[in-house]
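Quick note: residue numbers are just sequence positions, from 1. Every number for a ligand or one of its atoms is a count from 1 in the order of the listing. FYI, side chains are in, hydrogens and waters are out, and symmetry mates aren't considered; it's all heavy atoms of this structure. Given the structure is predicted, the values throughout are model-derived calculations rather than measurements.
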Amino acid sequence: MKFQATSRKPETIKTEGLALFHYEGEDLAGPVKDLDKILDSKISKAVKSGVFEGKQGQILQIDTLGKASAEKILVAGLGKRDAVTLETIRRAAGISARAFRDGGVKNFVTAMALAEVKGANAGLLAQSAAEGTKLALYSFDQLKAEKQKKKIESVTVVSPDAVSEPIVAKHVRRGVTLADNACLARDLINLPSNIATPSYLANEAKKAGKELGIKVTILGPKEIEKNKMGGLMAVARGSHEPARFIIMEWMKGPKNQKPITLVGKGLTFDTGGISIKPSEKMEEMKSDMSGGAAVICAMRSIAALNIKANVVGLVPSTENMPGGSSVKPGDVATGLSGVTMEIINTDAEGRLILSDALAYAKRYNPDCVVDIATLTGACAVALGGFASGLFGTDEELVGQIKESGEATGERCWPMPLWPEYEDQIRSEVADIKNVGPRWGGAITAAAFLKKHVTGKWAHIDIAGTAYISDKPRSYIPLGGVGLGVRLFVDFVERRLGL
Ligand code: BES
Ligand code: MN
Ligand code: ZN
């Protein structure tokens, strides 16, 4: 699929499809108004009759039957003008792209970047339109004989004027890069665990390193042991798949700039281990490496966009399996941090493997460490599917991540981390235990991670947001969301003022 920019008037472009927009409760304006006249007032009639009110999520499609330069017109509702954000644009672009594709259109022009979003220029609007379009057209069919047949070949984003056309073109490319990487993360999540193994993830990281100039180091079982990563070793014991610890270094910022360190949970399949999970929906646990996919693909994006920053990505990766050599309830592991951990429940494995990555991060004397993980069902219970849980030891850091969440549509919501929760994971036989009481499970998990960090740290729990199995969204099909890629790139730039 090709993307390009133009500053031509959208209604004058010869095209199969033209996507325009309309604000709820307003009179028709701009190209929509002009086209309405040519098209026997079909649009204004639809608005008047209430068939099309211009609410968010609504679209109106009209076949022009040769009366306009475009064969098909699509008007997307943006809702009330004052409430329009970049996320509105992403969603409208996604819905339009899918409607065109399903209607057999191969090439279309989108005017979404001509909308009005407070605090955003045409560049950001164009980027959002490109993101929404690419993300919405994703389909995971690599394991099927029958592929998605209808394909969009080219998308032209209209810029408000000739002066901003280069900016619009640049941001369209940026949006495409970010969406491509989010889609690669989706592939890694959607691929089953017999294909997307820890070594597969490591190879993906290696490949990215070669392609984009990222320094990638992979530790195998021997090095993991030599490094005393006792949490990762404990979880990996039960699996025949060898564990991997993936290290990605992009040091293209100023020499004396401390790196931002990103850590992602790369659990390629979570059976629960000896504390085995119920079989219902267990197949979805192939998505337990979503945090790892986010880190690998965020690092890819940062390199592809050549962002002048020092960023390190760490992904501990293994399966969690029951077996003759599995770790057992009551066993004690010593993490790389030196903290001893009583493993009460082998299904609370994410925090065990993350603890070693968090401890490893100290070697970089980082500016801050941010981890992302499908860590607790409790977080999904607390926040549902529309916000990830956000924890941290530094208010500014947490604030920046929250802002990035709003800017990218990958919203994060702050949760507390008071000392009372830390008391709940005290163990009788070790320094800490890997589960607390039933209530507040997302918070005790975060409190467990905190025991292994020093310095500025934040934790994003994406258990409820990384994978969609109920109902597709405007630009998110069922399956892996690819969450965290756009969030992390925005965060790195925001933190460094880039
Ligand atoms: N990977 C799961 C968390 C999860 C649950 C992710 C549902 C996505 C959807 C994690 O390893 C886990 O099993 N957590 C346990 C912790 C419990 C044993 C304290 C949980 O949430 O039940
Ligand atoms: Mn688990
Ligand atoms: Zn897990």
Side-chain angles (χ1 to χ4, degrees), residues 189-190 193 196 198 201 231-232 234-239 241 243 263-294 315-322 326-331 341-357 371-389 391 415 421 424-425 427 432-449 459-470 478-481 483-484:
I189 298 165
N190 292 333
S193 71
L201 291 187
L232 179 54
V235 178
R237 284 184 59 149
S239 170
E241 282 295 334
V263 171
K265 174 177 174 183
L267 212 295
T268 58
F269 196 81
D270 185 10
T271 65
I274 295 299
S275 317
I276 198 160
K277 286 182 183 297
S279 50
E280 175 119 4
K281 292 265 172 106
M282 202 205 267
E283 71 279 7
E284 289 184 6
M285 280 301 124
K286 69 176 180 180
S287 68
D288 213 15
M289 34 55 70
S290 296
V315 179
S317 183
T318 179
E319 290 180 335
N320 185 22
M321 297 289 284
S326 290
V327 71
K328 302 173 292 300
D331 288 359
M341 308 174 285
E342 183 188 10
I343 298 164
I344 300 289
N345 188 320
T346 66
D347 196 12
E349 84 298 335
R351 62 200 77 181
L352 297 173
I353 71 169
L354 287 170
S355 75
D356 290 330
D371 76 70
I372 184 162
T374 46
L375 202 64
T376 65
C379 191
V381 170
L383 296 171
F386 301 103
S388 307
F391 305 80
M415 308 264 269
Y421 297 99
Q424 294 189 303
I425 52 165
S427 160
I432 50 176
K433 58 183 178 184
N434 76 335
V435 292
R438 172 135 186 253
W439 311 116
I443 312 178
T444 42
F448 182 98
L449 297 178
H459 157 62
I460 308 168
D461 193 332
I462 56 170
T465 48
Y467 194 87
I468 293 186
S469 50
D470 50 356
L478 292 182
V481 173
L483 186 86

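Using modelled atom types, one side-chain atom of D356 and one backbone atom of G231 make a donor-acceptor pair closer than 3.5 Å.
Ligand 1 lies within reach of R351, whose nearest heavy atom is under 4.0 Å from it. Residue contacts with ligand 1 include K277, since one of its heavy atoms falls under 4.0 Å from the ligand.
Of the residues T346, D270, T271, T268, the one that meets the side chain to side chain donor-acceptor pair (under 3.5 Å) test with N320 is D270.
Side-chain contact annotation: E319 with S193, donor-acceptor N/O pair under 3.5 Å absent. Under the 3.5 Å distance criterion, with hydrogens and angles disregarded, no donor-acceptor pair is assigned to the side chains of S290 and T374.
Checked by distance only, ligand 1 and D347 come closer than 3.5 Å through their nitrogen or oxygen atoms. At least one N/O-N/O distance between D288 and ligand 1 falls below 3.5 Å. Taking any N or O of A463, backbone or side chain, none lies under 3.5 Å from an N or O belonging to ligand 1.
Looking at every heavy atom in both residues, Y467 comes nearest to V481 through N-CG2, 3.9 Å. Counting all heavy atoms, side chain and backbone alike, F448 lies closest to I432 at CE1-CD1, 3.4 Å.
Checked against the Zn ion (ligand 3), the N, O or S atom of D270 at the shortest distance is OD2. Within E349, OE1 is the N, O or S atom that lies nearest to the Mn ion (ligand 2). Taking the N/O/S atoms of E349 in turn, the shortest distance to the Zn ion (ligand 3) belongs to OE2. Looking only at its N/O/S atoms, D270 has OD2 as the one nearest to the Mn ion (ligand 2). Nearest to the Zn ion (ligand 3), among the N, O or S atoms that D288 has, is OD2.
With a heavy-atom cut-off of 4.0 Å, K281 does not touch ligand 1 at all.
No side-chain heavy atom of M415 sits less than 4.5 Å from a side-chain heavy atom of D461. Put simply, the side chain of E241 does not reach to within 4.5 Å of the side chain of T318, judged on heavy atoms. Using a 4.5 Å heavy-atom threshold, the side chains of I276 and M282 count as touching. In this structure the side chain of T376 reaches within 4.5 angstrom of the side chain of R351, judged on heavy atoms. When side chains are defined from C-beta on, V435 does not count as touching T444, because their heavy atoms never get closer than 4.5 Å.
The line from OG of S326 to CD of E349 is 12.0 Å long, rounded to the nearest 0.5 Å.
Residue D347 does not count as close to the Zn ion (ligand 3), with no N, O or S atom under 2.8 Å. Note on D288: not counted as a metal contact of the Mn ion (ligand 2), no N/O/S atom lying under 2.8 Å. Here A348 does not reach the Zn ion (ligand 3): none of its N/O/S atoms is less than 2.8 Å from the metal.
The N345 neighbourhood of ligand 1 comprises atoms 18 (C), with distances under 4.0 Å to a heavy atom of that residue. If you number the atoms of ligand 1 from 1 as listed, the ones under 4.0 Å from a heavy atom of E349 come out as 11 (O). When each atom of ligand 1 is checked for a heavy atom of K265 under 4.0 Å away, the hits are 1 (N), 10 (C), 11 (O).
The nearest heavy-atom contact from the protein to atom 9 (C) of ligand 1 is M285 CE, 3.5 Å. For atom 14 (N) of ligand 1, the closest heavy atom belonging to the protein is L375 O, 3.4 Å. Protein heavy atom nearest atom 19 (C) of ligand 1, with residue, atom name and distance: V435 CG1, 3.3 Å. The protein atom (non-hydrogen) at minimum distance from atom 2 (C) of ligand 1 is D270 OD2, 3.5 Å.
Under the 4.0 Å criterion applied to side-chain N and carboxylate O atoms, D371 and K265 are not assigned as salt-bridge partners.
Protein non-hydrogen atoms do reach within 4.0 Å of atom 21 (O) of ligand 1.
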